[in-house]
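As structure tokens, the structure follows; a few thoughts come after it.
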Protein chains: 2
Amino acid sequence: MSEALSMEGDIVSAMTATDEPGNKKTVFTIGELAKEFGVTLRTLRFYEDKGLINPKRDGQNRLYNRRDRARLKLVLMGKQVGFSLNEICDMLDLYDLRDGQVVQLRVALDKFNEQIDVLKQQKSHIEQAIDELSRTVEVVSGMLKQKESAER
Amino acid sequence: MSEALSMEGDIVSAMTATDEPGNKKTVFTIGELAKEFGVTLRTLRFYEDKGLINPKRDGQNRLYNRRDRARLKLVLMGKQVGFSLNEICDMLDLYDLRDGQVVQLRVALDKFNEQIDVLKQQKSHIEQAIDELSRTVEVVSGMLKQKESAER
DNA sequence: CTGGACGTTTACGCAAACGTAAGCTATCAC
DNA sequence: GTGATAGCTTACGTTTGCGTAAACGTCCAG
């Protein structure tokens, strides 16, 4: 459907990204961020309502810093691996008590492993469905051939 | 989540089931059907609203015959292989012009193949997610070990 | 001064598949 | 007669992740 244009990063690098104030841009408008990550403004505002991101304001206008941007990245990658926004929200909150503390890492690790299990179950379910449908296709194909040859 | 208790049949056998009036039961109440297939009464009424099943009435009470039962079976199996109720509805309608006609079989065949493609894409997406999460787990595990040994 | 570009808020809509009452009927057992 | 069991209809609620206006503010270019 919608191609994530600049999705070259993985979860870990997004988690461990430090705010080194190099020559990089440090502040973004909503439009810039939206374009960069291939989402709509509505989406970013929605994420804010849900407490996933908390940009500062320039008057009325939202201003996102690198930390907001990193969180957004995590949100989008969390979605990609099947987490709901609520789950992501919980994990981000945890992560926010981040001193790189052991406890949060452990919690995250558990969530990740749980999610892997969920995904594996889904995969297995899908494989069963594919098998069932494939069998059906074979049989129906056979029926069709029969009918066709009988009608001639 | 919910175990389908008597789901031993496949799609083809449900499609080709003939209404041989053997010694089998030919009429069912809503409660019987619900129990047999592990769904709620609400679900059966909902399917009726959506036009998936059309039981006759004994006064107010619904009476399902073997054909209704077969359709229900198809609905539930359609769900299992990932079709939406709307899609199932379309296919059932087609199937209702059933003289075992070639055209409907072909249409069904196409839908099945399309759905197989959809499922394969989903599967691939899930596999990617699993990979990404697995990589993440490995890295985070490593980080944890480091921290732990460092703290001691 | 007029039109874009970019931003804001509030708020209803949607799709899928039912859940969950609320309030009523009918039948059977005891 | 009283409760249990099984059924009925109507209709609002739930969840997720935004889409899609509506109606308005602001600032810059021409």
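In this text, all values refer to a predicted model and were calculated from it rather than measured experimentally.
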(message) Tell me whether B:Ile126 shares a hydrophobic cluster with A:Val118, the cluster being built from Ile, Leu, Val, Met, Phe, Trp, Tyr side chains joined at under 4.5 Å.
(response) no
(message) Using the salt bridge (charged side-chain N to carboxylate O under 4.0 Å, His left out) criterion, which residues pair with B:Arg45? Sequence neighbours excluded.
(response) none
(message) I'd like the 5' and 3' limits of the part of DNA chain D contacted by chain B, with heavy-atom contacts below 4.0 Å.
(response) D:dG7 to D:dA11
(request) Determine to 10° how strongly the helix from C:dC1-D:dG30 to C:dC30-D:dG1 is bent, judged from the axes of its five-pair ends. (result) 20°
(message) Is there a side-chain contact between B:Thr40 and the phosphate of C:dG19, meaning an N or O under 4.0 Å from OP1 or OP2?
(response) yes
(message) At a heavy-atom distance below 4.0 Å, what parts of residues 110-125 of chain B sit against DNA chain D?
(response) none
(request) Check B:Arg71 against B:Asp93 and note the closest heavy-atom contact, atom names and distance. (result) NH2-OD1, 4.3 Å
(message) For a 4.5 angstrom cut-off between non-hydrogen side-chain atoms, does A:Asn65 reach A:Phe28?
(response) no
(message) I'd like to check the salt bridge (charged side-chain N to carboxylate O under 4.0 Å, His left out) partners of B:Glu48; sequence neighbours left out, ordered by chain and number.
(response) B:Arg57, B:Arg62
(request) Taking all heavy atoms of B:Cys89 and all of B:Gly51, pick out the closest pair and write down the distance. (result) SG-O, 4.3 Å
(message) Please give the remaining members of the hydrophobic cluster of B:Val27, linking ILVMFWY side chains under 4.5 Å, ordered by chain and number.
(response) B:Leu63
(request) Would you jot down, in residue-number order, the residues of residues 44-59 of chain B having a non-hydrogen atom under 4.0 Å from DNA chain C? (result) B:Phe46, B:Tyr47
(request) With sequence neighbours left out, write down each residue that passes salt bridge (charged side-chain N to carboxylate O under 4.0 Å, His left out) with A:Glu138, or none if nothing qualifies. (result) none
(request) Please state how far atom CZ in B:Phe83 lies from atom P in C:dA16, giving the value in whole angstrom units. (result) 15 Å
(request) Say whether B:Leu85 and B:Leu33 are linked into one hydrophobic cluster, either directly or through other cluster members, by side-chain heavy-atom distances under 4.5 angstrom. (result) yes
(request) Please name the pair of heavy atoms, one in A:Val75 and one in A:Ile88, separated by the smallest distance, quoted to 0.1 Å. (result) O-CD1, 3.4 Å
Validation: residues 106-116 of chain B side-chain donor-acceptor distances under 3.5 Å, sequence neighbours left out:
residue, atom, partner, partner atom, Å
B:Arg106, NH1, A:Glu148, OE2, 3.2
B:Arg106, NH2, A:Glu148, OE2, 2.7
B:Asn113, ND2, B:Leu109, O, 3.3
B:Gln115, NE2, B:Val81, O, 3.1
B:Gln115, NE2, B:Gly82, O, 3.3

(message) I'd like to check the side chain to side chain contact (heavy atoms under 4.5 Å, CB included) partners of A:Thr40; sequence neighbours left out, ordered by chain and number.
(response) A:Arg42, A:Thr43
(request) May I ask you to verify if any side-chain N or O of B:Asn86 is less than 4.0 angstrom from the OP1 or OP2 atom of C:dA16? (result) yes
(request) Taking all non-hydrogen atoms of both residues into account, name the closest pair between B:Ala34 and B:Leu44 and its distance. (result) N-CD1, 3.7 Å
(request) Applying side chain to side chain contact (heavy atoms under 4.5 Å, CB included), name anything that partners A:Thr29, two or more places apart in sequence or on another chain. (result) A:Glu32
(request) Write down the atom of A:Glu87, the atom of A:Ser84, and the distance for their closest heavy-atom approach. (result) OE1-N, 2.8 Å
(message) I need the CZ-P distance between A:Arg62 and C:dG7, as an integer number of Å.
(response) 10 Å
(request) Nearest whole angstrom, please: distance from the C1' of C:dA15 to the CG of B:Leu85. (result) 12 Å
(request) Specify the closest pair of heavy atoms between B:Leu41 and B:Gly31, including all atoms of both residues, with the distance to one decimal. (result) CD2-CA, 3.9 Å
(request) Would you please confirm or rule out a distance under 4.0 Å between OP1 or OP2 of C:dC6 and any side-chain N or O of A:Lys35? (result) no
Sub-3.5 Å pairs of nitrogen or oxygen atoms, protein against nucleotides 20-26 of chain C:
residue, atom, partner, partner atom, Å
C:dT20, O4, B:Arg42, NE, 3.0

